[in-house]
Amino acid sequence: PGRSNSMCSCRRTPPPGPASPVIGADGTIYVGSHDRGFVALARDGSLRWRYAATDRFYASAAISSDGTIIVGNHDRSVVALTPQGQLRWRRELGAPVDASPTIDDDGTIYVTADGLWALDPGGSPRWHVPTADALRTPPAVHPAGLVLVGTTDGRIVAVRRTGEVA
């Protein structure tokens, strides 16, 4: 009672998607939706910007150390957006990108689609390890230098940061 909350109480992004929002260093809230939009919301819930894609967003975004927002789309692409909502780059992959990307300490972006992809901070592929089925889980970076990802048949694939399957 009597306390104010500096975060917004509610903002509808119709129709919402299953992804969790992520919060930038300045408190901006980033979230994608099934209406093919990815939005940035201010703390008070007002819309800062909207990026229009060609398909739905199912995954949460990742934010790099320089504030770049990386998010996958069901249209088989991963995009990098500036904190102002401008497209920095777009990389087409071989299957829908329905899992959240993971950013390593060195800036490498790991994304799952038709296998595990490693992209440099500019969106160029460093390597790709194909899998029989599309991957739907986000990659995890292990302290031992491995990138781990779960497959649809219940296996965990371990890949060295060089792209070699461990």
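Atom set for the values below is all heavy atoms of this structure, side chains included, hydrogens, waters and symmetry mates excluded.
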I'd like to know if the side chain of His128 reaches the main chain of Asp114, judged simply by a donor and an acceptor atom lying under 3.5 Å from each other, with no hydrogens or angles considered.
yes
Distance from Thr68 atom OG1 to Leu81 atom CG, nearest 0.5 Å?
9.0 Å
What's the verdict on salt bridge (Lys or Arg N to Asp or Glu O under 4.0 Å) for Asp75 and Arg90, showing C-alpha distance, side-chain angles and the deciding distance?
CA-CA 11 Å; Asp75 72 355; Arg90 180 180 184 277; 3.0 Å; yes
In this structure, CG of Asp133 is separated from OG1 of Thr152 (nearest 0.5 Å) by 4.0 Å
Positive for side-chain contact (heavy atoms from CB on, under 4.5 Å) with Tyr30, one of Ile69, Ile23, Val71, Val39:
Ile69
Determine whether a donor-acceptor pair (N or O, by modelled atom type, separation under 3.5 Å) exists between the side chain of Trp89 and the backbone of Val78.
no
For the ring pair Tyr58 and His34, is the centre-to-centre distance below 6.0 Å?
yes
Looking at every heavy atom in both Ile109 and Pro101, which two are closest together, and how far apart are they?
CG2-CB, 4.2 Å
Does atom CG of Asp106 have more than 12 heavy-atom neighbours from other groups under 6.0 Å away?
yes
Which heavy atom in Ala95 sits nearest to a heavy atom in Ala113, and how many Å separate them?
O-CB, 3.5 Å
ILVMFWY clustering at 4.5 Å (side-chain atoms), partners of Leu135:
Tyr110, Leu116, Trp127, Val129, Val141, Val147, Val149, Val157, Val159, Val165
Any Leu93 side-chain heavy atom under 4.5 Å of Val111 side chain
yes
What distance separates Arg136 CZ from Thr151 OG1, expressed to the nearest 0.5 Å?
12.5 Å
Identify the heavy atoms of Ala99 and Ala59 that sit nearest to each other, and give their distance.
C-CB, 3.2 Å
Spell out, yes or no, whether Ile63 and Phe38 are grouped together once hydrophobic residues are joined by side-chain heavy atoms under 4.5 Å, including indirect joins.
yes
Is it true that Arg91 and Asp120 make a salt bridge, defined as a side-chain N closer than 4.0 Å to a carboxylate O?
no
Test salt bridge (Lys or Arg N to Asp or Glu O under 4.0 Å) on Arg76 and Asp98; report intermediate values, then the result.
CA-CA 9 Å; Arg76 301 174 174 242; Asp98 294 336; over 6 Å; no
If we only count heavy atoms from C-beta on, is the Phe57 to Ser33 side-chain gap below 4.5 Å?
no
Between CZ on residue Arg126 and CZ on residue Arg161, distance to nearest 0.5 Å
11.0 Å
Rounded distance [0.5 Å steps], CG in Leu47 versus CD1 in Ile29:
11.5 Å
Main-chain N/O of Gly150 paired with Thr137 side-chain donor or acceptor, under 3.5 Å:
yes
Between Ser100 and Ser60, is there a donor-acceptor pair closer than 3.5 Å when you use the side chain of the first and the backbone of the second?
yes
On a heavy-atom basis, which atom in Leu146 and which in Arg160 lie closest, and how many Å separate them?
CD2-CG, 3.8 Å
Value for CG (Leu119) from OG (Ser124), rounded to nearest 0.5 Å, stands at 8.0 Å
Tightest non-hydrogen contact, residues Val22 and Ala61, listed as CG1-O, 3.3 Å
Stepwise, does the side chain to side chain contact (heavy atoms under 4.5 Å, CB included) test hold for Asp55 with Asn73?
CA-CA 7 Å; Asp55 209 334; Asn73 189 267; 3.2 Å; yes
List the atom of Arg88, the atom of Thr82, and the distance in Å for their closest heavy-atom pair.
NH2-CG2, 3.4 Å
Distance-only polar pair, side chains of Thr28 and Arg48, donor-acceptor under 3.5 Å:
yes
